[in-house]
Amino acid sequence: EVMLARTATDRCRPTFMFVDIAFSLNRKLQVPLLVVINSILHNVSTLNEGPPLRFNILVPPGDRPLFTQKLREAFAKDYSESVVFRIEEFTPPDFLKHYLDNRFKEREGDRRISRYMQYARLFLKHRFPDVTRVIYLDCDTLVLGDVRSLFALGEQFTPQQYLRLHSLFLLSFISPIPSNFGTTFADLPAPLTVVCCLPISLFGPRKPTNHFVTTLTWMLKMTTSYFA
């Protein structure tokens with residue numbers, strides 16, 4: 001666990017005392033990552049008051065030192081008391097790797113790693129088990145408001161809202177127009193959280209119907225692993 005805040009203080013705080021934000025990316029997105037984090041920090045109304053911001057970042061194997069250095073250089077001096085950065089490396093499980101390699105058939109190694117990291121968000125709970133409520137962001141986003149205000153809206157989540165999301169999620173598989181959610185907000189322990197956390201673009205830009213059963217089988221396997 002890599003932190004830019006006081007380690008002892010962080011360990012004493014219960015998890016609900018943090019505003020958890022998550023990313024998963026490869027090294028080519030290191031600059032966009034710094035940009036979106038900077039937008040978050042500059043738009044918090046009062047950074048030093050209220051729960052600290054905790055950034056949970058998944059990166060490919062071997063890239064943790066690089067991201068640790070970049071984050072320290074960019075933010076440690078100004079935000080060491082109010083911000084926590086945790087970086088974990090992610091290796092896709094065999095069933096996910098097999099599915100993505102066969103589905104997308106990426107020829108370049110960088111593209112395969114990028115594809116794996118797109119799906120790493122599904123395993124946030126595995127790599128950061130103390131995270132409960134989390135805001136997941138793609139690196140090509142900017143945050144123009146107070147992220148704590150968005151995080152507080154989680155108190156309004158109900159099982160009925162999760163169920164509505166579940167219906168939209170299933171419809172996305174039979175829609176001729178592929179979807180991609182760059183922002184996800186979920187309570188990870190909730191029974192239907194997998195509905196919110198699964199990426200909607202499982203079929204990518206092309207959506208042949210003969211992949212429907214294969215993908216549902218993959219989802220079932222992933223869900224079993226997710227809640228194990």
Side-chain angles (χ1 to χ4, degrees), residues 1-4 7 10-11 15 18 20-34 36-37 54-72 84-141 180-184 186-189 193-204 211 214-228:
E1 183 172 292
V2 178
M3 300 185 182
L4 302 189
T7 303
D10 177 68
R11 288 176 178 172
T15 55
F18 292 96
D20 276 307
I21 304 161
F23 300 92
S24 58
L25 69 156
N26 60 4
R27 63 169 53 205
K28 287 188 174 181
L29 294 175
Q30 57 184 283
V31 173
L33 174 68
L34 299 180
V36 64
I37 290 176
R54 186 164 66 175
F55 294 91
N56 307 278
I57 303 169
L58 293 176
V59 300
D63 280 357
R64 187 181 182 189
L66 169 69
F67 281 93
T68 300
Q69 177 185 352
K70 295 297 182 181
L71 290 167
R72 287 187 184 278
V84 178
F85 288 89
R86 305 195 298 176
I87 305 170
E88 292 287 348
E89 296 180 356
F90 171 74
T91 301
D94 290 341
F95 71 85
L96 175 62
K97 197 172 181 180
H98 175 77
Y99 172 80
L100 295 178
D101 289 347
N102 283 276
R103 171 64 187 93
F104 296 102
K105 303 185 186 302
E106 303 286 2
R107 296 182 180 181
E108 299 180 4
D110 286 346
R111 285 295 303 158
R112 284 196 299 272
I113 292 174
S114 176
R115 190 72 67 181
Y116 298 157
M117 297 314 298
Q118 289 174 3
Y119 287 74
R121 74 189 75 181
L122 308 181
F123 300 89
L124 280 171
K125 193 67 175 175
H126 287 228
R127 304 305 297 154
F128 302 105
D130 59 341
V131 170
T132 52
R133 179 174 300 159
V134 64
I135 298 172
Y136 176 89
L137 298 171
D138 280 354
C139 290
D140 57 351
T141 58
N180 182 13
F181 286 175
T183 303
T184 305
D187 285 330
L188 294 185
T193 298
V194 68
V195 173
C196 304
C197 290
L198 277 166
I200 302 303
S201 57
L202 282 174
F203 289 106
H211 281 278
T214 302
T215 303
L216 288 181
T217 303
W218 179 87
M219 286 170 55
L220 178 61
K221 194 170 187 178
M222 189 282 301
T223 305
T224 303
S225 172
Y226 188 85
F227 290 106

Novice: Any idea which heavy atoms bring Val59 and Phe67 closest together, and the distance?
Specialist: CG1-CD1, 3.5 Å

Novice: Which heavy atom of Asp110 sits nearest to which heavy atom of Asn26, and what is that distance?
Specialist: O-ND2, 4.1 Å

Novice: Looking only at heavy atoms, what is the nearest atom pair of Phe90 and Pro61, with distance?
Specialist: O-CD, 3.3 Å

Novice: List the steps and the verdict of side chain to side chain contact (heavy atoms under 4.5 Å, CB included) for Arg121 and Val134.
Specialist: CA-CA 11 Å; Arg121 74 189 75 181; Val134 64; over 6 Å; no

Novice: Nearest 0.5 Å, what's the CZ-OG1 distance between Phe18 and Thr132?
Specialist: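 OG1 of Thr132 is found 11.0 Å from CZ of Phe18.
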
Novice: Distance only, no hydrogens: is a donor on one side chain within 3.5 Å (strictly under) of an acceptor on the other, for Tyr116 and Asp101?
Specialist: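 Asp101 and Tyr116 do have a side-chain donor-acceptor pair below 3.5 Å.
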
Novice: Quick one: CD on Glu106 to CD1 on Ile113, what's the gap to the nearest 0.5 Å?
Specialist: 11.5 Å

Novice: CZ/Phe123 to OG/Ser24 distance, rounded to the nearest 0.5 angstrom?
Specialist: 11.0 Å

Novice: Answer with yes or no whether the side chains of His98 and Asn102 bring together a donor and an acceptor at under 3.5 Å.
Specialist: yes

Novice: Do Cys139 and Leu33 come within less than 4.5 Å of each other through their side chains, counting heavy atoms only?
Specialist: yes

Novice: Looking at OG1 of Thr91 and CG of Leu96, how far apart are the two atoms once the value is rounded to the nearest 0.5 Å?
Specialist: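 Reported to 0.5 Å precision, the distance equals 11.0 Å.
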
Novice: Taking 4.0 angstrom as the limit, do Lys70 and Asp63 come out as a salt bridge?
Specialist: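 Salt bridge between Lys70 and Asp63, a charged N being under 4.0 Å from a carboxylate O: no.
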
Novice: At their closest point, which heavy atom of Lys125 faces which heavy atom of Val131, and how far apart are they?
Specialist: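 Closest pair (atom of Lys125, atom of Val131, distance): NZ-O, 2.5 Å.
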
Novice: Check the angle between the aromatic planes of Phe23 and Phe55 and answer parallel, tilted or perpendicular using the 30° and 60° thresholds.
Specialist: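 Aromatic pair Phe23/Phe55 classed parallel.
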
Novice: Given side chains that start at C-beta, do those of Ile57 and Leu25 come closer than 4.5 Å, heavy atoms only?
Specialist: yes

Novice: Say you draw a straight line from CD1 of Ile37 to CG of Leu71; how long is it, rounded to the nearest 0.5 Å?
Specialist: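 The CD1 atom of Ile37 sits 5.5 Å away from the CG atom of Leu71.
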
Novice: Calculate, to the nearest 0.5 Å, the distance between atoms CD and CG belonging to Glu89 and Leu58 respectively.
Specialist: 10.5 Å

Novice: Would the distance check show the side chain of Gln30 and the main-chain N or O of Arg27 forming a donor-acceptor pair, the cut-off being under 3.5 Å?
Specialist: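 Present.
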
Novice: For a quick check under 3.5 Å, do Asp20 and Asn56 share a side-chain donor-acceptor pair by atom type?
Specialist: yes

